[in-house]
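Data block below; observations after.
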Amino acid sequence: TSDAWRRQFGDVWMVAALALGRSEDPGALEALLAMEARLAASANDGDRRDLARVSLGLLAAGRFEVDERLAKAVFVTRDDPALLIWYLEALLHRFGVGDMRSERRLVQLWEQLGASFPSLRARQARSFLLQDTPPSPYARETFVERMIQELAAPGAPLTGQVLARAWRLRAGVAGAREDLLQILRAIAQELAKDASKGSELARPFVDGLRALYLYG
């Protein structure tokens with residue numbers, strides 16, 4: 001509720017709003033709604049930006065009536081670059097708790113913005129495909145296989161190739177375990193030859209090991 005803190009530490013304030021929305025605490029939701037009402041009454045540009053930021057918390061709490069406002073800021077105006085990654089996080093949280101209303105926007109993020117931001121696609125694929133809540137039957141039929149093909153395409157980032165194999169292992173595709181082991185062996189051999197690539201190769205290697213532990 002501190003305007004001075006909000007204006008000085010805007011990005012941290014936005015993450016705090018998201019955390020409140022995730023908390024499932026009635027008092028947290030009341031605080032978010034009160035801040036939304038206060039900012040909505042302001043014509044100040046900074047307050048209008050922060051209205052979208054507090055909406056992230058409301059979206060994480062399941063208030064999808066704010067989604068159109070957020071989607072416009074993310075896909076159309078794009079005047080707050082920090083909003084994109086936390087919008088994805090709010091949607092992934094809803095997906096993780098089984099709220100399939102998030103799928104439509106996750107698909108839109110993948111198709112419209114993911115092609116320009118490979119790290120965004122990796123984050124989305126890791127959560128969308130490998131969280132406890134699996135994609136719905138609708139998503140499997142209409143979107144997941146296309147996602148896998150794009151992740152595993154020749155020349156695609158290594159993280160995506162590992163995640164594609166991890167999903168196929170989870171889905172029980174024949175030969176998926178050996179395919180995953182093969183790419184992990186290749187990563188291990190590359191690390192053995194050049195330890196300086198650790199920062200580049202560690203994340204996909206851990207993703208693959210985690211998939212083997214959970215599904216293999």
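What you see below is based on every heavy atom in this structure, not just the backbone, and it leaves out hydrogens, waters and symmetry mates. Note that the structure is a prediction, hence the values are computed from the model and not measured.
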### Query
Quick one: salt bridge (Lys or Arg N to Asp or Glu O under 4.0 Å) partners of R177, sequence neighbours excluded?
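Per chain and number, R177 pairs via salt bridge (Lys or Arg N to Asp or Glu O under 4.0 Å) with no residue.
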### salt bridge (Lys or Arg N to Asp or Glu O under 4.0 Å) partners of E111, counting only residues at least two apart
R146
Find the distance between [atom1] ([X]) and [atom2] ([Y]) and round it off to the nearest 0.5 Å.
X: T1; Y: M35; atom1: OG1; atom2: CE; value: 6.0 Å
X: D207; Y: I183; atom1: CG; atom2: CD1; value: 11.0 Å
X: F117; Y: L109; atom1: CZ; atom2: CG; value: 11.0 Å
X: L56; Y: W86; atom1: CG; atom2: CH2; value: 9.5 Å
X: Q108; Y: L113; atom1: CD; atom2: CG; value: 8.0 Å
X: S23; Y: L32; atom1: OG; atom2: CG; value: 8.0 Å

### Query
Hey, is the main chain of L88 close enough, under 3.5 Å, to the side chain of Q124 for a donor-acceptor pair?
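Flag not set: sc Q124 to bb L88 has no pair under 3.5 Å.
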### Query
Are the side chain of R6 and the backbone N or O of W13 linked by a donor-acceptor pair below 3.5 Å?
no
I need the minimum non-hydrogen distance between [X] and [Y], along with the two atoms involved.
X: L184; Y: P204; answer: CD2-O, 4.3 Å
X: L51; Y: V54; answer: O-CG1, 3.2 Å
X: L180; Y: G208; answer: CD2-O, 3.7 Å
X: L59; Y: A90; answer: CD2-CB, 4.0 Å
X: G198; Y: L191; answer: CA-CD2, 3.7 Å

#### Entry: Derivation and outcome, side chain to side chain contact (heavy atoms under 4.5 Å, CB included), residues V15 and E89
CA-CA 10 Å; V15 177; E89 291 296 325; over 6 Å; no
I'd like to check [X] versus [Y] (side-chain heavy atoms, cut-off strictly below 4.5 Å). Are they in contact?
X: D179; Y: V173; value: no
X: Y215; Y: L130; value: yes
X: F64; Y: R105; value: no

Please tabulate, for the side chains in residues 92-102, all donor-acceptor contacts under 3.5 angstrom to protein atoms that are two or more places apart in sequence or on a different chain.
residue	atom	partner	partner atom	Å
R94	NE	D99	OD2	3.2
R94	NH1	A60	O	3.0
R94	NH2	D99	OD2	3.2
D99	OD1	R101	N	3.1
D99	OD1	R101	NE	3.0
D99	OD2	R101	NE	3.3
D99	OD2	R101	NH2	2.8
R101	NH2	G62	O	3.1
S102	OG	D99	O	3.0

### Query
Any link between L169 and V206 through a network of hydrophobic side chains (Ile, Leu, Val, Met, Phe, Trp, Tyr) touching at under 4.5 Å?
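The answer is no; the residues belong to distinct hydrophobic clusters.
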### Query
With the 4.5 Å side-chain cut-off for hydrophobic clustering, are L91 and I85 part of the same group?
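Yes; tracing contacts between hydrophobic side chains, which count when under 4.5 Å, links both residues.
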Atom pairs and distances, side-chain donor-acceptor, residues 147-165, under 3.5 Å, sequence neighbours left out:
residue	atom	partner	partner atom	Å
E150	OE1	W110	NE1	2.6
Q161	NE2	A156	O	2.8
R165	NH1	Q161	O	3.1

### Message
According to salt bridge (charged side-chain N to carboxylate O under 4.0 Å, His left out), does anything in residues 74-84 pair up with another residue at least two apart or in another chain? List the pairs.
### Response
R53-D80
### Task
List for me each residue that meets side-chain hydrogen bond (donor to acceptor under 3.5 Å, both in side chains) alongside R7, sequence neighbours excluded, and say none if there are none.
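None.
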### Message
Assess whether a salt bridge exists between R63 and E36, defined as any Lys/Arg side-chain N lying under 4.0 Å from an Asp/Glu carboxylate O.
### Response
no
#### Entry: Pair D45 + R49, salt bridge at N-O below 4.0 Å
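Salt bridge between D45 and R49, a charged N being under 4.0 Å from a carboxylate O: no.
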### Task
Would you please test D11 and M14 for side chain to side chain contact (heavy atoms under 4.5 Å, CB included) and show each step?
CA-CA 5 Å; D11 289 348; M14 173 169 51; 4.1 Å; yes
### Query
Do other residues, nucleotides or ligands put more than 12 heavy atoms under 6.0 Å from the CD atom of E145?
yes
